[in-house]
Amino acid sequence: MSAKINVQEFKTPVGILLIGSFQNKLCLCDWQYRKMRVQIDNRIQQFLNAEYFSHSDKTIENTQTQLSEYFNSQRTEFELPLLFTGSDFQKKVWEELSKIPFGKTVSYLSLAKNIGNEKAVRAVAAANGANAISIIVPCHRVIGGNGKLVGYAGGINAKQKLLQLENKRVPELF
């Protein structure tokens, strides 16, 4: 591998994110301390045939600026070039996640229906969990069918805080 993925840590009010860019596109904005950290990093590096390199660039700086604006309630949409690294099915789910408006939530079943396959709820949930571009691709806006907060790579408390930031009446935990 000779190509490089620039990566930087970024501290937010709800946890530390690892932000990465490849060829001027954001390919990583994920929780530094998540259970699937190694699997996500391996997938990205293998998909791009590149290695992580601790270095900043315009894409990372722009991402940090937009995230700061989001956390300061000055931004409701992100304007960043994204590079998804996953299967066609995962990319379809992540593109659908990107359509969930600020302050809204959907269930896993609704998300599955939106991609045209309501029987794929578990696969949709797995793709949601494999999202490597957290917050910007708002997987935190997906909740359980019963309206409760379930599963989030950054932890349920981070999910709750993100939804509260978005002024959403936050569902109960579990």
Side-chain angles (χ1 to χ4, degrees), residues 5-22 24-41 43-44 52-86 90 93-108 111 125-144 146-174:
I5 301 165
N6 292 329
V7 294
Q8 291 286 289
E9 286 185 359
F10 183 65
K11 188 173 183 178
T12 76
V14 296
I16 299 171
L17 293 169
L18 184 62
I19 300 174
S21 73
F22 182 77
N24 302 314
K25 291 185 179 181
L26 185 70
C27 63
L28 176 66
C29 182
D30 201 13
W31 303 99
Q32 177 65 33
Y33 303 106
R34 72 175 290 184
K35 290 178 184 173
M36 292 177 56
R37 176 82 275 129
V38 172
Q39 295 94 319
I40 298 291
D41 292 341
R43 184 188 78 220
I44 292 169
Y52 286 176
F53 179 68
S54 182
H55 184 74
S56 192
D57 61 28
K58 290 250 185 227
T59 302
I60 290 173
E61 291 167 8
N62 194 17
T63 302
Q64 292 172 335
T65 297
Q66 290 189 33
L67 283 167
S68 292
E69 292 168 352
Y70 168 84
F71 282 108
N72 289 319
S73 299
Q74 299 169 325
R75 176 175 291 276
T76 59
E77 293 181 16
F78 294 94
E79 299 166 6
L80 298 161
L82 303 180
L83 176 61
F84 293 130
T85 55
Q90 288 172 322
V93 171
W94 299 332
E95 287 166 8
E96 194 61 35
L97 283 172
S98 297
K99 297 175 187 175
I100 304 170
F102 181 90
K104 303 287 183 190
T105 58
V106 301
S107 69
Y108 291 100
L111 195 57
N128 195 61
N131 175 26
I133 307 179
S134 289
I135 302 174
I136 291 145
V137 177
C139 51
H140 63 279
R141 296 180 188 154
V142 182
I143 60 174
N146 60 1
K148 302 211 177 194
L149 299 185
V150 294
Y152 187 60
I156 294 294
N157 288 337
K159 184 174 192 164
Q160 184 178 34
K161 288 176 183 175
L162 292 171
L163 292 173
Q164 286 172 336
L165 174 77
E166 296 182 6
N167 296 318
K168 174 71 180 148
R169 186 187 145 281
V170 180
E172 297 193 20
L173 296 176
F174 310 104

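These values consider heavy atoms only, across backbone and side chains, with no hydrogens, waters or symmetry-generated copies.
- With rounding to the nearest 0.5 angstrom, the CG atom of Asn131 is 8.0 Å from the CD1 atom of Ile40.
- Nearest approach of Leu163 to Thr105, heavy atoms of both residues: CD2-CG2, 3.9 Å.
- Taking 4.5 Å as the limit, every side-chain heavy atom of Cys29 sits out of range of all side-chain heavy atoms of Phe78.
- The two residues Gly151 and Lys159 make their nearest non-hydrogen contact at O-NZ, 3.2 Å.
- What you find for Ile136 and Thr63 is that their closest heavy atoms are CD1-CG2, 3.8 Å.
- Looking at heavy atoms from C-beta onward, Tyr152 lies in side-chain contact with Leu162 at the 4.5 angstrom threshold.
- No more than 12 heavy atoms of other residues, nucleotides or ligands lie within 6.0 Å of CG in Asn24, so this atom counts as exposed by the packing criterion.
- Residues Val142 and Ile100 have side chains in contact (heavy-atom distance under 4.5 Å, counting atoms from C-beta outward).
- Contact record, Val7 with Gly20: CG1-CA, 3.9 Å, taken as the closest heavy-atom pair.
- Between atom OG of residue Ser54 and atom CD1 of residue Ile5 there is a gap of 13.0 Å, rounded to the nearest 0.5 Å.
- The existence of a salt bridge linking Glu61 and Lys58 is excluded, since no basic side-chain nitrogen approaches an acidic carboxylate oxygen closer than 4.0 Å.
- Phe102 is listed as a side-chain neighbour of Arg141, based on a closest heavy-atom distance under 4.5 Å.
- Asp57 contributes a side-chain N or O that, together with a main-chain N or O of Thr59, makes up a donor-acceptor pair within less than 3.5 Å.
- Note that the CD1 atom of Ile19 and the CD atom of Glu9 stand 10.0 Å from one another [nearest 0.5 Å].
- The nearest pair of heavy atoms linking Gln8 to His55 is NE2-N, 3.3 Å.
- Atoms CG and OG1, on Leu165 and Thr76 in that order, are 11.0 Å from each other to the nearest 0.5 Å.
- Looking at Phe84 and Val137, their side chains come closer than 4.5 Å, going by heavy atoms from C-beta outward.
- Ring orientation note: the planes of His140 and Tyr70 are nearly perpendicular, at an angle over 60° on the 30°/60° scale.
- Checked by atom type and distance alone, the side chain of Trp94 pairs as donor or acceptor with a backbone atom of Ala127 at under 3.5 Å.
- Other residues, nucleotides and ligands place no more than 12 heavy atoms under 6.0 Å from the CD atom of Glu77.
- Separating the CG atom in Leu111 from the NZ atom in Lys99 is a distance of 10.0 Å, to the nearest 0.5 Å.
- For the pair Tyr52/Leu18, a side-chain contact is recorded, criterion being any heavy-atom separation below 4.5 Å from C-beta on.
- Within the 4.5 Å cutoff, the side chain of Leu80 has no heavy atoms near those of the Ile133 side chain.
- Here the shortest heavy-atom pairing between Gly103 and Glu166 reads N-OE1, 3.1 Å.
- A 4.5 Å side-chain heavy-atom check between Arg37 and Asp30 finds at least one atom pair inside the cut-off.
- To the nearest 0.5 Å, atoms CD1 (Ile60) and CG (Leu67) are separated by 11.5 Å.
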